[in-house]
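Notes to accompany the following structure.
Order of appearance sets the numbers: ligands from 1, and atoms from 1 within every ligand. Keep in mind that this is a model prediction, so the values were computed, not measured. Numbering of residues begins at 1 and proceeds along the displayed sequence.
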Amino acid sequence: KKYVKYVQCACMTAAESLTTRLPKAGETIIGHKFFVGFGGKGANQCVQSARLGAKTSLICKVGSDSFGNDYVDNLKKNGISTAFVGQTTDAATGTASIIVNSEGQNVIVIVPGANLLLNFEDLKRASDVICKAKVVVCQLEITPAVSLEALKMARASGVKTLFNPAPALADLDPQFYTYSDIFCCNETEAEILTGIPVGNLEDAEKLVIVTLGAEGCMMISGDEPIPKHVPAGKVRAVDTTGAGDSFVGALAFYLAYYPTLSMEEMIRKSNCVASVSVQALGTQSSYPYRKDLPQDLF
Ligand SMILES: Nc1ncnc2c1ncn2[C@@H]1O[C@H](COP(=O)(O)OP(=O)(O)O)[C@@H](O)[C@H]1O
Ligand SMILES: *[C@@H]1O[C@H](CO)[C@@H](O)[C@H](O)[C@H]1NC(C)=O
(Lines give C-alpha, C1' and ligand atoms only; values in the text may rest on other atoms or scores of the structure.)
(Ligands and ions follow the chains in the order given, each with its own letter.)
Protein backbone atom coordinates (compact mmCIF):
# COMPACT_ATOMS: atom_id res chain seq x y z
CA LYS A 1 0.00 0.00 0.00
CA LYS A 2 1.11 3.51 -0.77
CA TYR A 3 1.43 5.98 2.06
CA VAL A 4 -1.42 8.13 0.92
CA LYS A 5 -3.85 9.61 3.31
CA TYR A 6 -7.07 10.85 1.90
CA VAL A 7 -9.34 13.30 3.62
CA GLN A 8 -12.80 13.80 2.26
CA CYS A 9 -13.99 17.15 3.19
CA ALA A 10 -15.49 20.56 2.96
CA CYS A 11 -13.68 23.65 1.71
CA MET A 12 -14.85 27.06 2.80
CA THR A 13 -13.72 30.61 2.36
CA ALA A 14 -14.05 32.34 5.73
CA ALA A 15 -14.58 36.10 5.62
CA GLU A 16 -14.20 37.70 9.04
CA SER A 17 -15.06 41.25 10.14
CA LEU A 18 -14.01 42.64 13.51
CA THR A 19 -16.33 45.22 15.10
CA THR A 20 -16.84 46.65 18.59
CA ARG A 21 -20.34 45.15 18.80
CA LEU A 22 -22.60 42.94 16.71
CA PRO A 23 -25.13 44.75 14.46
CA LYS A 24 -28.88 44.57 15.18
CA ALA A 25 -31.36 43.53 12.47
CA GLY A 26 -31.45 46.17 9.72
CA GLU A 27 -28.43 47.99 11.10
CA THR A 28 -25.20 48.91 9.29
CA ILE A 29 -22.16 49.39 11.48
CA ILE A 30 -18.51 50.13 10.78
CA GLY A 31 -15.93 47.52 11.62
CA HIS A 32 -12.16 47.94 11.92
CA LYS A 33 -10.67 44.85 10.33
CA PHE A 34 -11.59 42.40 7.56
CA PHE A 35 -9.75 39.31 6.44
CA VAL A 36 -10.34 36.24 4.37
CA GLY A 37 -8.99 32.83 5.31
CA PHE A 38 -9.29 29.21 4.31
CA GLY A 39 -11.45 26.87 6.35
CA GLY A 40 -13.70 23.84 6.30
CA LYS A 41 -12.91 21.06 8.74
CA GLY A 42 -11.76 18.50 6.20
CA ALA A 43 -9.44 20.93 4.49
CA ASN A 44 -8.03 22.15 7.81
CA GLN A 45 -7.34 18.59 8.92
CA CYS A 46 -5.71 17.78 5.61
CA VAL A 47 -3.48 20.87 5.80
CA GLN A 48 -2.30 19.86 9.29
CA SER A 49 -1.52 16.30 8.11
CA ALA A 50 0.36 17.63 5.09
CA ARG A 51 2.42 20.03 7.21
CA LEU A 52 3.58 17.08 9.31
CA GLY A 53 4.76 15.41 6.12
CA ALA A 54 1.82 13.20 5.13
CA LYS A 55 1.09 12.53 1.49
CA THR A 56 -2.50 13.71 1.20
CA SER A 57 -5.29 13.98 -1.32
CA LEU A 58 -8.50 15.86 -0.77
CA ILE A 59 -11.83 14.88 -2.29
CA CYS A 60 -14.12 17.88 -2.29
CA LYS A 61 -15.93 20.41 -4.44
CA VAL A 62 -15.56 24.17 -4.78
CA GLY A 63 -17.13 26.67 -7.17
CA SER A 64 -15.69 27.84 -10.49
CA ASP A 65 -15.21 31.23 -8.91
CA SER A 66 -12.31 33.26 -7.53
CA PHE A 67 -12.73 31.80 -4.02
CA GLY A 68 -12.58 28.32 -5.52
CA ASN A 69 -9.48 29.13 -7.60
CA ASP A 70 -7.77 30.60 -4.53
CA TYR A 71 -8.71 27.52 -2.53
CA VAL A 72 -7.14 25.16 -5.06
CA ASP A 73 -3.96 27.29 -5.00
CA ASN A 74 -3.92 27.15 -1.19
CA LEU A 75 -4.13 23.35 -1.23
CA LYS A 76 -1.34 23.10 -3.81
CA LYS A 77 0.85 25.42 -1.74
CA ASN A 78 0.39 23.00 1.15
CA GLY A 79 1.50 20.09 -1.01
CA ILE A 80 -1.97 18.46 -1.09
CA SER A 81 -3.04 16.58 -4.22
CA THR A 82 -5.97 18.37 -5.88
CA ALA A 83 -6.60 15.64 -8.47
CA PHE A 84 -10.06 15.10 -6.93
CA VAL A 85 -10.93 18.66 -6.05
CA GLY A 86 -13.83 19.39 -8.38
CA GLN A 87 -14.90 22.85 -9.52
CA THR A 88 -18.55 23.39 -10.41
CA THR A 89 -20.51 26.21 -12.03
CA ASP A 90 -23.72 25.02 -10.32
CA ALA A 91 -22.93 26.48 -6.90
CA ALA A 92 -20.53 28.92 -5.28
CA THR A 93 -17.55 27.88 -3.13
CA GLY A 94 -18.71 27.29 0.44
CA THR A 95 -18.40 30.34 2.65
CA ALA A 96 -18.46 31.25 6.31
CA SER A 97 -19.25 34.91 7.03
CA ILE A 98 -18.13 35.72 10.54
CA ILE A 99 -18.59 38.88 12.61
CA VAL A 100 -16.64 39.11 15.87
CA ASN A 101 -17.11 41.82 18.49
CA SER A 102 -14.50 43.13 20.92
CA GLU A 103 -15.57 40.60 23.58
CA GLY A 104 -14.83 37.80 21.16
CA GLN A 105 -18.50 36.89 20.71
CA ASN A 106 -19.40 36.04 17.15
CA VAL A 107 -22.22 35.45 14.69
CA ILE A 108 -21.56 33.12 11.79
CA VAL A 109 -23.45 32.31 8.62
CA ILE A 110 -22.31 29.25 6.69
CA VAL A 111 -23.38 28.71 3.10
CA PRO A 112 -22.20 25.20 2.17
CA GLY A 113 -22.65 25.84 -1.58
CA ALA A 114 -20.53 23.51 -3.73
CA ASN A 115 -19.75 21.25 -0.74
CA LEU A 116 -23.26 19.81 -0.93
CA LEU A 117 -22.77 18.89 -4.60
CA LEU A 118 -20.01 16.38 -3.85
CA ASN A 119 -21.71 13.11 -4.79
CA PHE A 120 -21.30 9.35 -5.17
CA GLU A 121 -19.99 9.80 -8.73
CA ASP A 122 -17.15 11.95 -7.40
CA LEU A 123 -16.30 9.23 -4.88
CA LYS A 124 -16.34 6.58 -7.60
CA ARG A 125 -13.90 8.61 -9.68
CA ALA A 126 -11.64 8.84 -6.64
CA SER A 127 -12.04 5.21 -5.61
CA ASP A 128 -8.44 4.35 -6.40
CA VAL A 129 -7.07 6.96 -4.02
CA ILE A 130 -9.61 5.99 -1.34
CA CYS A 131 -8.90 2.28 -1.53
CA LYS A 132 -5.10 2.63 -1.62
CA ALA A 133 -4.94 5.06 1.30
CA LYS A 134 -3.58 4.19 4.71
CA VAL A 135 -6.22 6.29 6.43
CA VAL A 136 -9.45 7.92 5.30
CA VAL A 137 -10.81 10.83 7.32
CA CYS A 138 -14.41 12.08 7.03
CA GLN A 139 -16.50 14.81 8.64
CA LEU A 140 -20.11 16.00 8.31
CA GLU A 141 -19.71 19.28 6.44
CA ILE A 142 -20.78 17.61 3.21
CA THR A 143 -23.92 15.51 2.58
CA PRO A 144 -23.81 12.84 5.36
CA ALA A 145 -24.72 10.03 2.94
CA VAL A 146 -21.62 10.85 0.87
CA SER A 147 -19.38 10.80 3.96
CA LEU A 148 -20.84 7.47 4.96
CA GLU A 149 -20.28 6.02 1.49
CA ALA A 150 -16.62 7.11 1.61
CA LEU A 151 -16.20 5.34 4.96
CA LYS A 152 -17.80 2.20 3.51
CA MET A 153 -15.54 2.24 0.46
CA ALA A 154 -12.48 2.62 2.67
CA ARG A 155 -13.56 -0.11 5.05
CA ALA A 156 -14.24 -2.49 2.15
CA SER A 157 -10.57 -2.11 1.15
CA GLY A 158 -9.24 -2.52 4.66
CA VAL A 159 -8.33 1.17 4.98
CA LYS A 160 -8.37 2.62 8.48
CA THR A 161 -11.26 5.06 8.96
CA LEU A 162 -11.19 8.12 11.19
CA PHE A 163 -14.50 9.92 11.55
CA ASN A 164 -15.01 13.35 13.05
CA PRO A 165 -18.78 13.91 13.48
CA ALA A 166 -18.61 17.68 13.10
CA PRO A 167 -20.78 19.62 13.00
CA ALA A 168 -22.75 17.21 15.19
CA LEU A 169 -26.12 15.85 14.08
CA ALA A 170 -28.58 14.75 16.77
CA ASP A 171 -29.92 11.95 14.56
CA LEU A 172 -26.63 10.62 13.22
CA ASP A 173 -27.06 7.39 11.23
CA PRO A 174 -25.75 4.58 13.51
CA GLN A 175 -23.87 3.17 10.51
CA PHE A 176 -21.31 5.94 11.10
CA TYR A 177 -20.29 4.03 14.25
CA THR A 178 -20.10 0.74 12.41
CA TYR A 179 -17.85 2.06 9.66
CA SER A 180 -15.44 4.19 11.68
CA ASP A 181 -12.45 2.61 13.40
CA ILE A 182 -11.87 5.77 15.35
CA PHE A 183 -14.62 8.18 16.26
CA CYS A 184 -13.22 11.54 17.38
CA CYS A 185 -15.37 14.44 18.60
CA ASN A 186 -15.27 17.33 21.07
CA GLU A 187 -17.38 17.79 24.21
CA THR A 188 -20.20 19.71 22.53
CA GLU A 189 -20.50 17.07 19.84
CA ALA A 190 -20.38 14.26 22.39
CA GLU A 191 -23.33 15.87 24.19
CA ILE A 192 -25.38 16.24 21.02
CA LEU A 193 -24.58 12.67 20.02
CA THR A 194 -25.53 11.03 23.31
CA GLY A 195 -28.71 9.14 22.68
CA ILE A 196 -26.97 7.03 20.06
CA PRO A 197 -27.13 3.40 21.18
CA VAL A 198 -24.08 2.95 23.39
CA GLY A 199 -24.02 -0.74 22.44
CA ASN A 200 -22.41 0.37 19.20
CA LEU A 201 -19.48 1.86 21.09
CA GLU A 202 -18.70 -1.51 22.61
CA ASP A 203 -17.92 -3.11 19.27
CA ALA A 204 -14.53 -4.76 19.39
CA GLU A 205 -11.59 -2.55 18.43
CA LYS A 206 -13.70 0.56 18.23
CA LEU A 207 -12.10 3.61 19.73
CA VAL A 208 -13.86 6.81 20.74
CA ILE A 209 -11.81 9.95 21.45
CA VAL A 210 -13.37 13.02 23.03
CA THR A 211 -11.18 16.12 22.89
CA LEU A 212 -11.34 18.30 26.01
CA GLY A 213 -9.61 21.53 25.03
CA ALA A 214 -6.81 22.42 27.48
CA GLU A 215 -7.45 19.14 29.30
CA GLY A 216 -6.38 17.06 26.30
CA CYS A 217 -8.51 13.99 25.52
CA MET A 218 -10.42 11.04 26.87
CA MET A 219 -9.96 7.74 25.04
CA ILE A 220 -12.69 5.13 25.37
CA SER A 221 -11.67 1.82 23.90
CA GLY A 222 -13.89 -1.16 23.14
CA ASP A 223 -11.51 -3.57 24.82
CA GLU A 224 -10.73 -1.61 27.99
CA PRO A 225 -13.41 -1.02 30.58
CA ILE A 226 -12.07 2.25 31.98
CA PRO A 227 -11.73 5.41 29.85
CA LYS A 228 -8.23 6.86 29.84
CA HIS A 229 -7.36 10.53 30.19
CA VAL A 230 -4.49 11.73 27.97
CA PRO A 231 -3.57 15.24 29.18
CA ALA A 232 -2.26 18.05 26.96
CA GLY A 233 0.77 20.09 27.98
CA LYS A 234 0.25 23.47 29.66
CA VAL A 235 0.62 26.29 27.15
CA ARG A 236 -0.41 29.94 26.79
CA ALA A 237 -3.38 29.74 24.41
CA VAL A 238 -4.02 32.82 22.27
CA ASP A 239 -6.56 31.40 19.76
CA THR A 240 -8.06 27.92 20.02
CA THR A 241 -10.03 28.15 16.74
CA GLY A 242 -9.41 25.03 14.71
CA ALA A 243 -7.54 23.19 17.49
CA GLY A 244 -9.79 20.16 17.03
CA ASP A 245 -8.95 20.01 13.32
CA SER A 246 -5.24 20.27 14.06
CA PHE A 247 -5.67 17.34 16.46
CA VAL A 248 -7.59 15.19 13.93
CA GLY A 249 -5.09 16.01 11.16
CA ALA A 250 -2.17 15.05 13.42
CA LEU A 251 -3.86 11.85 14.53
CA ALA A 252 -4.43 10.84 10.89
CA PHE A 253 -0.73 11.45 10.23
CA TYR A 254 0.35 9.21 13.11
CA LEU A 255 -2.13 6.47 12.14
CA ALA A 256 -0.75 6.44 8.59
CA TYR A 257 2.97 6.81 9.27
CA TYR A 258 3.53 5.36 12.78
CA PRO A 259 0.97 2.55 12.88
CA THR A 260 2.95 0.62 15.48
CA LEU A 261 2.75 3.35 18.14
CA SER A 262 0.19 2.70 20.87
CA MET A 263 -3.04 4.65 20.55
CA GLU A 264 -2.23 6.51 23.74
CA GLU A 265 1.13 7.60 22.36
CA MET A 266 -0.47 8.78 19.09
CA ILE A 267 -3.00 10.81 21.07
CA ARG A 268 -0.28 12.27 23.29
CA LYS A 269 1.70 13.38 20.22
CA SER A 270 -1.44 14.76 18.53
CA ASN A 271 -2.23 16.76 21.69
CA CYS A 272 1.27 18.20 21.39
CA VAL A 273 0.73 19.31 17.79
CA ALA A 274 -2.71 20.80 18.55
CA SER A 275 -1.37 22.62 21.62
CA VAL A 276 1.20 24.33 19.40
CA SER A 277 -1.64 25.47 17.08
CA VAL A 278 -3.46 27.27 19.93
CA GLN A 279 -0.40 29.46 20.57
CA ALA A 280 -0.79 31.33 17.25
CA LEU A 281 -3.66 33.29 15.70
CA GLY A 282 -5.98 31.96 13.02
CA THR A 283 -6.90 28.46 11.90
CA GLN A 284 -4.71 27.07 9.09
CA SER A 285 -2.25 29.91 9.69
CA SER A 286 -1.62 28.55 13.21
CA TYR A 287 -0.90 24.96 12.17
CA PRO A 288 2.73 23.97 12.76
CA TYR A 289 5.10 22.45 10.20
CA ARG A 290 7.18 19.40 11.01
CA LYS A 291 10.39 21.47 11.04
CA ASP A 292 9.01 23.76 13.77
CA LEU A 293 8.05 20.95 16.16
CA PRO A 294 10.14 19.03 18.72
CA GLN A 295 11.81 16.28 16.70
CA ASP A 296 10.90 13.61 19.29
CA LEU A 297 7.37 13.81 17.84
CA PHE A 298 8.69 11.99 14.75
N1 LIG B 1 -5.80 25.66 25.82
C2 LIG B 1 -5.24 24.56 25.30
N3 LIG B 1 -4.02 24.15 25.73
C4 LIG B 1 -3.42 23.07 25.22
N5 LIG B 1 -3.97 22.30 24.25
C6 LIG B 1 -5.18 22.65 23.78
C7 LIG B 1 -5.88 23.80 24.26
N8 LIG B 1 -7.05 23.89 23.60
C9 LIG B 1 -7.09 22.85 22.73
N10 LIG B 1 -5.97 22.10 22.84
C11 LIG B 1 -5.64 20.90 22.05
O12 LIG B 1 -6.54 20.81 20.96
C13 LIG B 1 -7.37 19.64 21.05
C14 LIG B 1 -8.76 19.97 20.56
O15 LIG B 1 -9.31 21.00 21.34
P16 LIG B 1 -10.89 21.16 21.57
O17 LIG B 1 -11.11 22.51 22.12
O18 LIG B 1 -11.40 20.01 22.34
O19 LIG B 1 -11.45 21.02 20.07
P20 LIG B 1 -12.39 21.99 19.16
O21 LIG B 1 -11.45 22.81 18.35
O22 LIG B 1 -13.18 21.03 18.35
O23 LIG B 1 -13.21 22.79 20.08
C24 LIG B 1 -7.29 19.23 22.50
O25 LIG B 1 -7.54 17.84 22.64
C26 LIG B 1 -5.84 19.61 22.85
O27 LIG B 1 -4.94 18.63 22.34
C1 LIG C 1 -16.85 21.63 19.15
O2 LIG C 1 -16.86 21.81 17.74
C3 LIG C 1 -17.94 22.59 17.25
C4 LIG C 1 -17.87 22.58 15.76
O5 LIG C 1 -18.29 21.32 15.31
C6 LIG C 1 -17.86 23.99 17.84
O7 LIG C 1 -18.97 24.76 17.41
C8 LIG C 1 -17.85 23.90 19.38
O9 LIG C 1 -17.66 25.18 19.93
C10 LIG C 1 -16.75 22.97 19.86
N11 LIG C 1 -16.89 22.73 21.30
C12 LIG C 1 -15.90 22.87 22.18
C13 LIG C 1 -16.23 22.53 23.61
O14 LIG C 1 -14.78 23.23 21.88
Side-chain angles (χ1 to χ4, degrees), residues 7 9-10 12 14 16 37 39-49 51-52 94 96-100 104-110 112 115 137-142 144 147 162-172 176 182-194 207-220 227-255 263-288 293-294 297:
V7 183
C9 81
M12 306 247 181
E16 193 162 339
K41 290 180 162 296
N44 293 344
Q45 293 165 8
C46 193
V47 164
Q48 180 63 85
S49 290
R51 288 187 184 175
L52 297 179
S97 305
I98 305 167
I99 301 170
V100 185
Q105 293 171 313
N106 58 32
V107 290
I108 302 177
V109 178
I110 287 182
N115 290 299
V137 187
C138 293
Q139 315 76 21
L140 290 175
E141 283 184 330
I142 59 165
S147 275
L162 170 54
F163 178 56
N164 172 223
L169 290 175
D171 56 348
L172 187 70
F176 276 104
I182 301 176
F183 191 95
C184 179
C185 62
N186 71 16
E187 283 174 282
T188 324
E189 289 145 4
E191 259 170 53
I192 296 170
L193 290 164
T194 40
L207 182 73
V208 176
I209 300 172
V210 180
T211 63
L212 304 171
E215 300 301 319
C217 300
M218 257 350 248
M219 57 182 280
I220 305 137
K228 191 162 183 93
H229 181 215
V230 186
K234 281 236 175 321
V235 299
R236 253 180 73 102
V238 299
D239 181 358
T240 61
T241 321
D245 292 336
S246 171
F247 178 88
V248 171
L251 184 61
F253 165 78
Y254 287 112
L255 287 166
M263 217 39 241
E264 187 180 344
E265 195 50 31
M266 289 191 203
I267 293 174
R268 195 177 305 283
K269 287 176 187 286
S270 303
N271 273 339
C272 248
V273 174
S275 72
V276 171
S277 84
V278 305
Q279 297 175 66
L281 290 175
T283 303
Q284 292 183 13
S285 55
S286 72
Y287 291 175
L293 289 162
L297 286 178

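For ligand 2 and K41, the ligand atoms under 4.0 Å from any heavy atom of the residue are 4 (C), 5 (O). For ligand 1, the atoms lying closer than 4.0 Å to a non-hydrogen atom of S275 are 4 (C), 5 (N). Listed by number with element, the atoms of ligand 1 under 4.0 Å from a non-hydrogen atom of A214 are 1 (N), 2 (C), 3 (N), 7 (C), 8 (N). Listed by number with element, the atoms of ligand 1 under 4.0 angstrom from any heavy atom of C217 are 25 (O). Taking every heavy atom of A166 and a limit of under 4.0 angstrom, the matching atoms of ligand 2 come to 5 (O). Atoms of ligand 2 found under 4.0 Å from any heavy atom of P167 (numbered from 1 in listed order, with element): 5 (O). The ligand atoms of ligand 1 that sit less than 4.0 angstrom from a heavy atom of G244 are 14 (C), 19 (O), 20 (P), 21 (O), 22 (O). Near V235, with a cut-off below 4.0 Å to any heavy atom, the atoms of ligand 1 are 3 (N), 4 (C). With ligand atoms numbered from 1 in the order given, ligand 1 contributes 1 (N) to contacts under 4.0 Å with heavy atoms of A237.
Between F176 atom CZ and L140 atom CG the span is 5.0 Å, to the nearest 0.5 Å.
At a distance under 4.0 Å, no protein heavy atom can be found next to atom 7 (O) of ligand 2.
Distances between N or O atoms of G216 and those of ligand 1 include at least one value under 3.5 Å. At under 3.5 Å, not a single nitrogen or oxygen of D245, backbone or side chain, sits near a nitrogen or oxygen of ligand 1. Polar contact with ligand 2: present for E189 (N/O pair, distance under 3.5 Å). Checking only distances, T211 does come within under 3.5 Å of ligand 1, N or O to N or O. The distance criterion of under 3.5 Å between nitrogen or oxygen atoms is met by N271 with respect to ligand 1.
Closest protein heavy atom to atom 10 (C) of ligand 2: N186 ND2, 2.5 Å. Nearest non-hydrogen protein atom to atom 12 (C) of ligand 2 is T188 OG1, 3.3 Å. The protein non-hydrogen atom at the shortest distance from atom 22 (O) of ligand 1 is N186 ND2, 2.9 Å.
Here the options are N106, V100, I108, the test is side chain to side chain contact (heavy atoms under 4.5 Å, CB included), and the partner is E16; only V100 passes. Each of V230, I182, V210 was scored for a side chain to side chain contact (heavy atoms under 4.5 Å, CB included) with M219, with one residue passing: V230.
The shortest separation from a heavy atom of G233 to ligand 1 is under 4.0 Å, placing the residue in contact.
Closest of all the heavy-atom pairs between A243 and V278 is CB-CG1, 3.6 Å.
Contact annotation for L212 and ligand 1: only backbone heavy atoms (N, CA, C, O) come within less than 4.0 Å of the ligand.
For atom 6 (C) of ligand 1, the nearest non-hydrogen atom from the set G213, S277, A274 comes from G213.
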